[in-house]
Every structure is written in C-alpha cells, then in structure tokens.
Protein chains: 2
Amino acid sequence: MRKKKGLKKSKDISTEEKIKQAARKLFTQKGYALVRTREIAAEAGINLALLNYYFRSKEKLFDLIMIENLRHFLQGLSVKVLDEKLMIEEKIERVVADYIDFLIANPDLPFFILNELRTNASKIATKMEAEIKPIRSNLIGQLQEAMKAGRIATFNPFHFMANLAGLTIFPFIGKPVLQRVTHVNDEEFRSFMEERKKLVPLWISAILKAKQ
Amino acid sequence: MRKKKGLKKSKDISTEEKIKQAARKLFTQKGYALVRTREIAAEAGINLALLNYYFRSKEKLFDLIMIENLRHFLQGLSVKVLDEKLMIEEKIERVVADYIDFLIANPDLPFFILNELRTNASKIATKMEAEIKPIRSNLIGQLQEAMKAGRIATFNPFHFMANLAGLTIFPFIGKPVLQRVTHVNDEEFRSFMEERKKLVPLWISAILKAKQ
DNA sequence: GTCTATATTCTGATAGAC
DNA sequence: GTCTATCAGAATATAGAC
C-alpha cells in the first residue's frame with residue numbers, strides 16, 4: 001500500500017515519467033502533428049485524463065519533449081568540441097565518432113529536429129542558436145588557424161558545416177531511402193555507420209585539402 | 001458563355017487542375033498531416049465540396065500528388081544517368097549540377113519525400129524502387145569499371161550513394177538549421193548551392209581517390 | 001459543376017465520481 | 001491521483017439546391 005508514496009525505485013517509475021517517456025517515443029518517431037494524445041496515454045498505460053492532469057495540454061507536453069530532445073541533440077557535440085584541447089583534425093575525428101554512436105542510439109532525432117524546426121520555426125530556433133553558437137565559433141576558429149598554418153587549402157564555413165553534417169547526419173535522415181536503393185538491411189546499415197566513424201573524418205580531410 | 005466547355009487555354013486551367021496545383025503546393029510545403037482540405041480549397045479559389053467532388057477524399061488527392069512528386073524527384077536523375085554515354089566522372093558532374101538546379105527550383109521536395117516515406121512507408125516504396133533500380137545499376141556498374149581501370153581506389157556502393165546524396169541533397173533538407181548556424185541568408189544560400197554544382201563533383205572525386 | 005448547409009467522425013480537454 | 005463519461009471544437013465528407 002505504500003507504492004504511491006514510496007521512494008522512486010528504478011523500475012517503479014512515476015506516472016508522470018511514464019507519460020513523458022511515451023510522449024518522447026511517439027513525438028520523436030512521428031512528429032507533433034501525427035501523434036494523438038490518446039496514443040500517448042495508451043503507450044504509457046494510463047488514461048487520457050491523466051495526461052492533461054500532469055501536463056495541462058498536448059502542446060505543453062510537446063514543448064517539454066522538444067526542449068529535452070534539442071538539448072540532447074546538441075550536448076553530444078558541445079562536450080567534445082569545447083572541452084578538449086585537441087588539434088582540429090583530431091577533434092573532428094572524435095566528434096564524428098561520438099556523434100555517429102549517438103545517432104545509432106537515437107536515429108530519429110535529426111529528422112525530428114528538422115521537421116519540428118520547419119513547422120514551429122521561431123519558437124525554439126532561438127534556443128538552439130544560443131547553444132550552437134559556441135560550438136560553431138570553436139570549430140571555425142580552429143579551422144582558420146589550420147588554414148593560416150597551411151595545413152588545409154581553402155575553407156568556407158558554410159560548405160564545411162554542410163559537408164560535415166551531410167556526411168555524418170544525412171545517412172540517418174535518408175536511411176529509409178538509402179536502404180531501399182542500396183538493398184541494405186538494418187544490420188548492414190549499422191555496420192556501415194560504424195565504418196563511417198573512421199571514413200568521414202578521412203573524407204572531410206580529403207575535401208579540405210582538395211583544391212577548390 | 002462558352003467558358004465552361006471551351007478548349008483549355010494556357011491561362012484558363014480547369015478546376016480540377018487548380019485544385020491539384022494548390023494541393024501540390026501545400027502538401028509539398030507542409031506535409032499531409034498539417035494541411036487542411038479547407039486550406040487547399042481556399043488556395044485553389046474554390047469551394048471545399050468541389051475537392052471531394054473531383055478527388056473523393058483528402059487521402060486520394062494526396063496519393064496523386066505523392067506519386068507525381070516522386071516521379072518528378074526521380075526523373076531528373078534518370079535522364080542524365082541513363083541516356084548519355086559519358087565517363088562516370090563527367091556523368092557525376094552533370095547529374096550533380098542538374099540536380100542542384102532542380103533542387104533550387106524545388107527545395108521542399110526532398111524533405112517531403114523523406115517525410116511521407118517515413119510515415120506511409122510501404123504504400124509507395126515499391127513504386128520508387130522500380131524507378132530507381134536502373135539508375136543505381138547504371139551508376140554502380142560504371143563505377144566498378146572505373147575501379148577495375150584503376151581510376152578510383154576502393155568503392156562501396158552504399159557509402160557512395162550516401163555521400164553523393166549527403167553532399168548534394170542534404171543542404172536543402174538541413175537548410176533551416178544550416179542557415180541559422182552559419183548566418184547565411186537566402187541569397188547567399190542560393191549562391192553557395194551554385195558553387196556546389198562544381199565543388200561536389202570535385203569532392204566526390206577526392207573521396208573516391210582517398211585511401212580507405 | 002458549383003455552391004451552402006449539414007452530417008459525421010476525430011481529437012483535445014474537462015467535469016466529477018471514487 | 002486515477003478513472004469514466006462527456007463536452008466543445010475542428011476537420012473530413014456528403015446532401016441537396018441551383
């Protein structure tokens with residue numbers, strides 16, 4: 001009978017947390033517009049009324065998940081980029097490898113972010129910009145040093161970011177199409193992503209050194 | 001008074017076509033879930049009832065647009081890849097340049113395809129596979145020849161397709177994020193995409209030649 | 001073919017008992 | 001805190017007049 005007020009045990013999570021986990025799963029997979037509140041309730045194993053009791057509205061619940069997902073998506077980057085004193089080449093190696101690990105564990109996040117950013121737009125864009133600013137400054141700054149030192153040829157920040165994201169993140173966004181086109185199953189896909197942890201930094205390096 | 005039954009003039013398009021154009025615009029921009037049938041009717045300048053009169057349901061209308069968009073998305077590829085007798089290096093140059101032109105004119109298409117493919121999944125996936133198969137075979141075949149001839153080092157079909165799409169298509173999918181991160185306005189973005197028509201083939205070539 | 005008005009279903013949110 | 005029952009509004013689809 002003390003179940004209600006007992007200390008939180010690892011397996012006996014609170015109703016609030018159950019709802020949040022269900023919401024995170026569904027929102028991340030399908031996006032805000034396609035998820036029904038009744039779906040979340042069912043997934044959480046509770047009643048629809050409880051969702052509103054705890055989170056007031058679908059939108060407020062979503063905002064919560066959105067913020068968490070965004071933070072999750074960005075924090076993987078910031079730790080490696082900002083905290084370590086590494087040469088840019090090594091930094092790229094670590095960031096790419098860590099980020100592919102993160103994406104293997106959270107394959108739906110990039111599409112989720114892009115999708116909701118497209119529709120919600122202004123709402124959260126500013127929050128993201130604040131968190132990403134130091135990351136960009138750090139990377140670009142180090143690249144400019146490398147350019148002055150003559151280790152890379154030319155260097156355009158926009159193309160660099162587009163290439164890094166395109167080679168690292170795109171495979172996860174385009175996964176459904178890529179797999180069909182290339183006849184690659186889930187296991188092989190994962191294996192290729194593991195390969196890319198070493199390949200992408202090589203390719204980025206080759207691109208930076210290529211005459212433009 | 002003969003307006004109704006007159007021959008179709010270029011500027012006097014039929015009601016059916018007006019609805020289709022409005023639907024294509026809205027579905028492609030916002031995706032199936034976020035578009036309201038009333039919106040389509042308003043955009044087409046007609047009444048809601050006419051939409052159902054001509055297309056029976058929102059879903060049937062969407063399926064029509066989806067098929068057309070998919071065909072549009074793929075045909076740009078097939079013409080260049082299949083019809084011309086060019087070396088693979090030149091072929092890549094032309095495909096990338098033409099495709100970036102196409103994407104500048106239809107920037108929302110890739111995201112639309114990926115988004116609806118994720119949710120609809122099985123429905124249209126098979127249609128896509130049939131159309132894309134010869135394109136892939138042709139490209140991969142020529143690349144294998146180049147490999148045997150020693151012009152490129154190693155070659156993995158999956159990585160190749162992922163890289164080509166990642167460098168060419170991803171900037172359009174990630175545009176909202178990329179622009180914020182790199183402080184690039186619409187005009188500059190377009191200008192960078194123009195640059196990429198020449199840069200991406202160079203980079204793809206550098207990647208193919210890089211030791212792996 | 002085109003419209004207005006309405007039916008029907010879906011969905012987010014709340015009231016109120018326990 | 002949790003549930004059942006229900007409301008209010010939105011969204012798709014249809015009936016029926018013109």
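Hydrogens, waters and symmetry mates are skipped; everything else that's a heavy atom, side chains included, is used. Just so we're on the same page: letters track the sequence lines, and every chain starts at 1.
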*Within this structure, what is the CG-to-P distance between A:Leu50 and D:dG1, rounded to whole angstrom?*
10 Å

*Between A:Arg190 and A:Asn185, is any side-chain donor less than 3.5 angstrom from a side-chain acceptor?*
no

*Distance-only donor-acceptor check, side chains B:Lys91 and B:Asn138, under 3.5 Å*: yes

*Could you state the CZ-P distance from B:Phe55 to C:dT2, rounded to the nearest angstrom?*
12 Å

*Could you give the CG-to-C1' distance, from A:Leu51 to D:dG1, as a whole number of Å?*
14 Å

*Given atom OH of A:Tyr54 and atom C1' of C:dT14, what is their separation to the nearest angstrom?*
17 Å

_Taking the six-membered ring of A:Tyr54 as reference, does the cationic atom of A:Lys60 (NZ for Lys, CZ for Arg) lie under 6.0 Å from its centre and within 45° of its axis?_
no

_Short N-O contact, B:Glu93 and B:Lys197, less than 4.0 angstrom_ = no

Extract from the structure each pairing of a protein N or O with an N or O of nucleotides 9-11 of chain D at less than 3.5 Å, listing the distance.
from: D:dA11; atom 1: OP1; to: B:Arg36; atom 2: NE; distance (Å): 3.3

*Hey, is CZ on A:Arg94 packed in by over 12 heavy atoms from elsewhere, all under 6.0 Å?*
no

*Rounded to the nearest 0.5 Å, how far apart are NZ of B:Lys133 and OG of B:Ser78?*
16.0 Å

*Provide the closest heavy-atom pair for B:Ile19 versus B:Leu50 in the form atom of the first, atom of the second, distance.*
CD1-O, 4.0 Å

Please list each protein N or O that sits under 3.5 Å from an N or O in nucleotides 14-18 of chain D, with the distance.
from: D:dT14; atom 1: OP1; to: B:Arg56; atom 2: NH2; distance (Å): 3.4

*Donor-acceptor side-chain pairing of A:Asn69 and A:Glu116 below 3.5 angstrom*: no

*Would you mind reading off the distance between A:Leu61 atom CG and C:dT11 atom C1', rounded to a whole angstrom?*
15 Å

_How many whole angstroms separate atom CD1 of B:Ile19 from atom P of D:dA13?_
13 Å

